[in-house]
Amino acid sequence: MIRARELDIKLSAESGQPLTFFGEFGRDGSRDTLSYPVEDGYIRIYAESAPDTKIEYDFWGSISSKEARKDIYDRFSLGLDMKSVYASINTDEFMDNAIKALRGMRITRNQPWETALCFTVSQFNNIKRIRGIISRLSERFGELRDVEGRRMYGVPSPDVLSDVPLRELRRCGTGFRDRYIRSVARAFALNDSFPELYRMPYDEAKSSLCAIDGIGDKVADCILLFGYGRVEAFPIDLWVKRVVERIYFGGRKQRIRMIHSFAEDRWGAVRGYAQQYVFWHGRKMGIGKLD
DNA sequence: ACCCAGGCGGGCG
DNA sequence: CGCCCGCATGGG
């Protein structure tokens with residue numbers, strides 16, 4: 001059991017983050033459960049009430065209890081002081097409402113390659129379909145973990161996806177993203193998932209990712225934020241763009257560049273957190289929905 | 001049927 | 001640079 005403050009597991013896992021795409025959600029009595037693959041096994045979390053919570057967990061495979069515990073601790077950033085994050089991003093009434101509505105939602109930290117795959121698939125796509133594509137890719141090309149009668153597939157490795165024929169990828173419903181998936185898989189296989197991106201200066205790290213065919217401004221920021229824990233990354237998808245334009249620019253269209261510099265000025269080094277609250281609260285409120 | 005989706009690359013001015 | 005276009009697919 002792990003005690004945590006300011007943590008809502010369900011919100012953190014379901015708010016369009018990587019766990020939304022390769023995690024499995026369920027119920028255990030009155031509790032929500034989340035299962036996700038890790039190494040050669042998987043972890044299952046039992047979600048208690050938020051925002052101050054107790055995390056119960058089980059794990060299967062060759063990992064130890066200590067490793068499972070550490071995975072959960074790192075994945076949900078339990079060492080991070082959310083009070084100070086909220087102090088930085090609670091800049092106005094909209095953010096105050098977002099934080100009240102979504103208290104405990106964290107930026108999860110996932111494996112870089114799994115994150116890269118999820119957000120490569122995400123482009124010009126919707127959350128439900130991204131889930132389906134990732135799950136079909138995992139079933140066909142991932143490693144099966146079959147423990148105690150429960151089957152779960154791991155996310156396929158970049159090495160495997162590097163050599164899969166494009167038509168086989170497309171058979172999983174990837175559409176035109178097939179060649180991007182291959183390109184990103186090859187880059188991650190060749191560079192051992194870019195371990196230097198954890199510490200490289202943000203601009204430099206982003207340029208490295210944008211050099212890969214299939215990764216642009218938005219996907220690069222998602223990979224840095226959810227894969228490398230770079231909370232200074234501020235991914236701008238169409239929702240974030242519309243919400244920021246509506247709330248902070250009187251509905252006037254702004255360039256992506258402008259929104260990046262606005263976010264940096266307003267929310268500083270933890271603007272990735274601001275982005276996640278803008279994104280999810282904006283969507284839930286229907287702000288930015290087309291008329 | 002029609003519209004949309006956690007965008008990107010290429011081509012144009 | 002900035003803008004515009006096509007891109008596959010399935011759910012609402």
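Throughout, a chain's letter reflects where its sequence line sits, starting with A, and its residues are numbered from 1.
A distance below 6.0 Å separates the ring centres of Trp267(A) and Phe262(A).
Between Phe176(A) atom CZ and dA8(C) atom P there is a gap of 7 Å when expressed in whole angstrom units. Distance Arg167(A) CZ to dA8(C) P: 14 Å, rounded to the nearest Å. In this entry the distance linking CD1 of Ile181(A) with P of dT9(C) reads 12 Å, nearest Å. To the nearest angstrom, P of dC8(B) lies 9 Å from OH of Tyr180(A). Rounded to whole Å, atom P of dA8(C) lies 18 Å from atom CD1 of Ile130(A). When the C1' atom of dC8(B) is taken as reference, atom CD1 of Ile212(A) falls 14 Å away, rounded to whole Å. Distance Asn126(A) CG to dC7(C) P: 19 Å, rounded to the nearest Å. To the nearest angstrom, P of dG2(C) lies 12 Å from CG of Asp217(A).
When each of dG2(C), dA5(B), dG9(B) is scored by its nearest atom to the side-chain atoms of Arg257(A), the top-ranked nucleotide is dG2(C). Relative to the side chain of Arg129(A), the nucleotides dA8(C), dG9(B), dC8(B) differ in distance, and dA8(C) lies closest. Each of dG9(B), dT9(C), dG7(B) was ranked by its minimum atom distance to the side chain of Val219(A); first place goes to dG7(B).
For the OP1/OP2 pair of dA5(B) and a distance below 4.0 Å, the side-chain nitrogens and oxygens of Arg242(A) include at least one atom meeting the criterion. Residue Arg177(A) has no polar side-chain atom (N or O) positioned under 4.0 Å from OP1 or OP2 of dC8(B). Proximity of Lys128(A) to the phosphate of dG12(C): a side-chain N or O atom is located under 4.0 Å from OP1 or OP2. Listed pair Arg255(A) / dG2(C) meets the phosphate criterion, a side-chain N or O lying under 4.0 Å from OP1 or OP2.
Around the CZ atom of Arg171(A), the shell of radius 6.0 Å holds more than 12 heavy atoms that belong to other residues, nucleotides or ligands.
A donor-acceptor contact closer than 3.5 angstrom is absent between the side chains of Asp28(A) and Thr33(A). With hydrogens and angles left out, the side-chain atoms of Asp92(A) and Tyr248(A) include a donor and acceptor closer than 3.5 Å. A donor-acceptor pair shorter than 3.5 Å cannot be found between the side chains of Asp71(A) and Tyr57(A).
Here Gly16(A) lies in heavy-atom contact (under 4.0 Å) with a base. Looking at heavy-atom distances under 4.0 Å, Ser183(A) makes no contact with the nucleic acid at all. Leu238(A) comes within 4.0 angstrom of the backbone, heavy atoms only, and of no base. As judged by a 4.0 angstrom heavy-atom cut-off over every strand, Asp178(A) is placed among residues making no nucleic acid contact.
Centre separation under 5.5 Å together with a plane angle under 30° holds for the ring of Phe124(A) and the six-membered base ring of dG7(B), marking them as stacked.
Sequence order on DNA chain B of the closest nucleotides to Phe226(A) and Arg179(A) puts Phe226(A) first from the 5' end. In terms of position on DNA chain B, the residue among Ile215(A) and Ile236(A) whose nearest nucleotide sits closer to the 5' end is Ile236(A).
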Next on the checklist: As a quick check of understanding, evaluate salt bridge (Lys or Arg N to Asp or Glu O under 4.0 Å) for Arg167(A) and Asp178(A), giving each step before the final call.
Outcome noted: CA-CA 8 Å; Arg167(A) 65 175 302 120; Asp178(A) 53 354; over 6 Å; no

